[in-house]
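Only one structure is covered here, and it is reproduced in the block below.
A note on names: the letters A, B, ... follow the listed sequences, proteins ahead of strands, and every chain is numbered from 1. What you see below is based on every heavy atom in this structure, not just the backbone, and it leaves out hydrogens, waters and symmetry mates.
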2 protein chains.
Amino acid sequence: MAGHLAAMGFPVNLWNRTATRVEHIKLRGAIELEGVITGEGRVELATADIKEAVEGVDVIMVAIPAMGHREVAIALTDVVRDGQTIVLNPGRTGGALEVRAIFQKKGVTADVTIAEAQTFLYTSRHVEPSSVHVFDIKNEVALAALPAYKTPEVLKRLRIAYPQFIPGNNVLQTGLDNIGAIFHPGVMILNAGRIESTHGDFEYYLEGITPSVAAILEAMDKERVAVAAALGIHAHTAREWLYLTYDSPGRDLYQAVQSTPGYKGITAPAHLNHRYILEDVPMSLVPIASIGEMLGVPVPTIRSVIHLASIIHGRDFWKEGRTVDRLGIKGMSVKEIRLLAVGGEP
Amino acid sequence: MAGHLAAMGFPVNLWNRTATRVEHIKLRGAIELEGVITGEGRVELATADIKEAVEGVDVIMVAIPAMGHREVAIALTDVVRDGQTIVLNPGRTGGALEVRAIFQKKGVTADVTIAEAQTFLYTSRHVEPSSVHVFDIKNEVALAALPAYKTPEVLKRLRIAYPQFIPGNNVLQTGLDNIGAIFHPGVMILNAGRIESTHGDFEYYLEGITPSVAAILEAMDKERVAVAAALGIHAHTAREWLYLTYDSPGRDLYQAVQSTPGYKGITAPAHLNHRYILEDVPMSLVPIASIGEMLGVPVPTIRSVIHLASIIHGRDFWKEGRTVDRLGIKGMSVKEIRLLAVGGEP
């Protein structure tokens, strides 16, 4: 993202909390791009000092796994200034709400707008410390500001660089239309033995999502859609999403997955120590389940997957995850949550 | 079992609820044995009429999957007579308690003794409708009567034919020392994708029980042992059981499984429609979890596996299973359950 923005001619400061991660780019002064974008992006600055990085910038693009949002938000509390926009790429479930809750707790007074994208714009991988291979850029990604009435003004600012961003209704919608929550942890758990025993030597979607695995994903998905409905939000089912995104038809989720040619050749992760669990359980499933339980929506299947993932990793993902408490909406009514999402105050 | 008992010279009546299942034996008059036992057992009677089958017999050996215990118990209510002994081979968890609860509900007044074996004596498979291959006969199988004070008298009767039966403390012990509850459903669920996608083409124990799968089995096992402890029963852990049964050492369950040479070559079931789920979830995991929850012992891992199995099969195994209600111990204190197990009355 930094390389591409710089290559497009925008002034970019690149920050990473770990100095060694930016060292090469600092020395070289640029990020090399290959794949669907070629060229190089000369960054203005590459630094591990967040104060230096955000000073005087309009937009702060946060492009890290969601587990890091909290740490970045805390690091930003003292350095953000009036008029800046923070965009989580993506927020997973509740990213913007979590950042808002931290800012409020820390007493941040700067007039900052927080927004979250529904997914990451790029499919890309590091090649070397200062070069990247971009496989694909999505045509459309929904984005919502918190409060939602600021979405148009954030989009106006961002679309100079990224016409791909389209308005998402609000951060509840971008957070609950989280398909990774369905396609990642459940598949990992129900193929745990095979992933560990073969080091992921099978087709993740086409062999990993069998009829029974799909039945469990559909049960998780129903719970997710029911949690959204309890907030008055219409979330698409995973089956509908496959049709809308890839034109994949199917009477059930199994058929829809099997009729997605783009999934061919995508093998499974080599181990369970992977963001499909480490990120998607605490940052996607936990907030969905926690909101559901607060609103009286049963989420036994999602609960089961969170629990088994916790056992596998010897950690309590519920405790580490984005519960309603951490999202700053504990004890709120549906009305208060909706008003918060749209207006910024419950 | 019928063939072997008949071959040993005991008079045997064979019953099956389905007439076609006994037809060939009826015509032939005998069961042919091969494997570790060879020869043939001439049965007195082969019938689908349970009244005819149990008339005048001393011992009623029930050798069916535990899901059928209820139906058999109901069929027996009108035909059992004073002095008969009913033995469940095996009871899984709570078999004898369930039969007792049914007899009580149906007002059976005959003085019948119910007992359960901890596991089935034989490893065997049907070859043809009237012949069987016996792979192995176990050296020792624990057996307990309900009430437990009758165990010695039941053993005295049974050991004429089966010196392998040794005393189990009581039916709580035989039911909670149920290792299949740990080695069956969890492994199936955590390998669901692989079983369906390869039709079970992998080593069930050695490749199916990876470190993460073993971690979940150990969590289920801890819950099982804790439920037993809440009843004052010492159950062996699955790891200890592997050492006691196969001399397999290991610092954890994963190592102990991997150091069991007897597991080599045992492939996985070809599908999930298998007694490792269909029997072991409702008849082993449900009673363990239900007793646990009644006594305030947390069983979240077992609960999760029951739930995911229910989703896979589109059934509510909790509802179909042996809950405390069905075991006739709902609302009982630990003291009442222990007195029931030993004395036959709470």
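A 6.0 Å sphere centred on OH of A/Tyr243 holds no more than 12 heavy atoms belonging to other residues, nucleotides or ligands. Counting non-hydrogen atoms of other residues, nucleotides and ligands closer than 6.0 Å to NZ of B/Lys222 gives a total of 12 or fewer. Within 6.0 Å of the NZ atom in A/Lys330, the count of heavy atoms belonging to other residues, nucleotides or ligands does not exceed 12.
Note that the CZ atom of B/Arg194 and the CD1 atom of A/Ile195 stand 11.0 Å from one another [nearest 0.5 Å]. Note: A/Ser212 OG to B/Leu308 CG = 11.0 Å, rounded to the nearest 0.5 Å.
In this structure, A/Thr210 and B/Leu272 have side chains that are not in contact, with every pair of non-hydrogen atoms separated by 4.5 Å or more.
Chain B is approached within less than 4.5 Å, heavy atom to heavy atom, by A/Ile189, A/Leu190, A/Asn191, A/Ala192 from residues 185-192 of chain A, ordered by number.
Looking only at heavy-atom pairs under 4.5 Å with chain A, the residue among B/Gly314, B/Pro211, B/Gly208, B/Ala214 that has the most is B/Pro211. Counting heavy-atom pairs closer than 4.5 Å to chain A, the top residue among B/His307, B/His313, B/Glu207 is B/His307.
Looking at A/Ser310, there are no atoms closer than 4.5 Å to chain B (heavy atoms on both sides), in backbone or side chain.
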